[in-house]
There are 2 protein chains.
Amino acid sequence: MDRVSDPTARLNTEQLGAYLALMEISSLLQYAVDEHLRNAGDLSYVQFQILARLVGAPDGKLRMTDLADGIVYSRSGLTYQAGLLAKRDLITRAPSPDDERSVIVSVTDAGRALFDHVLPGHVDDVRRLLFEPMTDKDLAALSTVLGRVRAHMRATPPRSAKPRAGRNRTG
Amino acid sequence: MDRVSDPTARLNTEQLGAYLALMEISSLLQYAVDEHLRNAGDLSYVQFQILARLVGAPDGKLRMTDLADGIVYSRSGLTYQAGLLAKRDLITRAPSPDDERSVIVSVTDAGRALFDHVLPGHVDDVRRLLFEPMTDKDLAALSTVLGRVRAHMRATPPRSAKPRAGRNRTG
DNA sequence: TATTGTTATACTCTATAACTATA
DNA sequence: TATAGTTATAGAGTATAACAATA
């Protein structure tokens, strides 16, 4: 009985609808965006995110660890994706001078060029699919809610709270 | 110049933020929900969706094609997932009497039982992560916007409009 | 010919564990 | 010991194309 939320509670009709709509929208959007990135630059969404972070970083450099944070991956998954990008000379990797354990990832000119090449279509997809049907009020409302939810999720025990014993969530 | 949307347009700061928040939220939610379904019932999200549709269908029966619609898959992907569910006796498959080409999928009692077993924790995850931080007004606003966006996406040329010649989306 | 579905196959991605090297 | 990252490996999921059968 030390649960924060009550597992016997239901979702009301409006909640259920919103949940399903959210998942459908993000799924369709992801699909569309993925396909565009693949066609336009042979990039997966994850690879695009890596490039985006690097392009937005000071000097176009970040440590592997910094890249991993927020991109959901395991470190080995990031190594794999970074390996693909490096093979195409879109990024380079070099040991950090400060901490020899760390690896500094840098976008190359080719990486920036590809990112710039792909970005307009990406943005266009998002605008066309997601924002086109919204009014300014819609956008403002959406921003408010999503911001709140994101903050809540980030503060919520990081996915599954494994350390806790006796997780009987389905009883 | 026959584009509906202008590819040179940018996303403003608020749009970009909302887009990133949406993707982060759905990603985290998907991750959490996926993990729960896996732990509680050894089900992937897709398998859960298949069961959910069947449970909600008249007589617990649907054709493969009906199942495929909306679940983003290729038909072979659906066959694969249905195969996994059938192997566990959670569904059965039989040729349709009406149209011998079609396959009718039915939930078994075991399938219903597993779905019922897993549902409360699933719902609880969604409520805890997504709806807990929302006010009633938030929910109402979100529903409105998402509903509009979903309708727009469904009406929009089904992902990538391949039939169109000369798709230069990244120029 | 078009539709429904399966199968074979190849590929991508992800996760785990073992490992190296530095702090 | 803890941290940063890689590698090996195995498994899940997906897509494509070829196929069979029915409409």
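Between the CG atom of A:D98 and the P atom of C:dT22 there is a distance of 15 Å, given to the nearest Å. Residue A:I104 contributes atom CD1, which lies 17 Å from atom C1' of D:dT6 at whole-angstrom precision. Between B:L78 atom CG and D:dT16 atom P there is a gap of 16 Å when expressed in whole angstrom units. The nearest whole Å value for the distance from the CZ atom in B:R63 to the C1' atom in D:dT22 is 13 Å. The CG-P distance, from A:D99 to D:dT3, rounds to 12 Å in whole Å. When the C1' atom of D:dT6 is taken as reference, atom CD of A:E100 falls 16 Å away, rounded to whole Å. Per the geometry, CG belonging to A:L85 stands 10 Å off P belonging to C:dC13, to the nearest Å. The separation between B:L62 atom CG and C:dT4 atom P is 14 Å, rounded to whole Å.
For the pair B:F131 and A:H152, the minimum side-chain heavy-atom distance is 4.5 Å or more.
Nearest nucleotide to the B:Q81 side chain, out of D:dG13, D:dT22, C:dC13: D:dG13. Checking D:dA23, C:dT7, D:dA4 against every side-chain atom of B:T79, the shortest atom distance belongs to C:dT7.
Within the structure, a side-chain polar atom (N or O) of A:R93 is placed less than 4.0 Å from OP1 or OP2 of D:dT6.
The base of D:dA15 sits with one of its N or O atoms less than 3.5 Å from a complementary donor or acceptor on the side chain of B:S76. The base of D:dT16 has none of its N or O atoms less than 3.5 Å from a complementary donor or acceptor on the side chain of B:S74. Residue side chain A:R101 does not reach the base of D:dG5 through any donor-acceptor N/O pair under 3.5 Å, judged by distance alone.
Using cut-offs of 30° and 60° for the angle between ring planes, the B:F48 and B:H122 rings count as tilted.
Checked by atom type and distance alone, the side chain of B:Q15 pairs as donor or acceptor with a backbone atom of B:N12 at under 3.5 Å. With hydrogens and angles disregarded, no donor-acceptor distance shorter than 3.5 Å links the side chain of B:R88 to the backbone of B:A110.
Backbone-only contact: A:L84 has heavy atoms under 4.0 Å from sugar-phosphate atoms and none from a base. Using a 4.0 Å heavy-atom criterion, one finds that A:S44 contacts the sugar-phosphate atoms exclusively.
Of the two residues near DNA chain C, A:P97 and A:R38, the one whose nearest nucleotide lies more 5' is A:R38.
Results of the side chain to side chain contact (heavy atoms under 4.5 Å, CB included) test with B:D138 over A:V145, A:V149, A:L146, A:L142 single out A:V145 as the only residue that passes.
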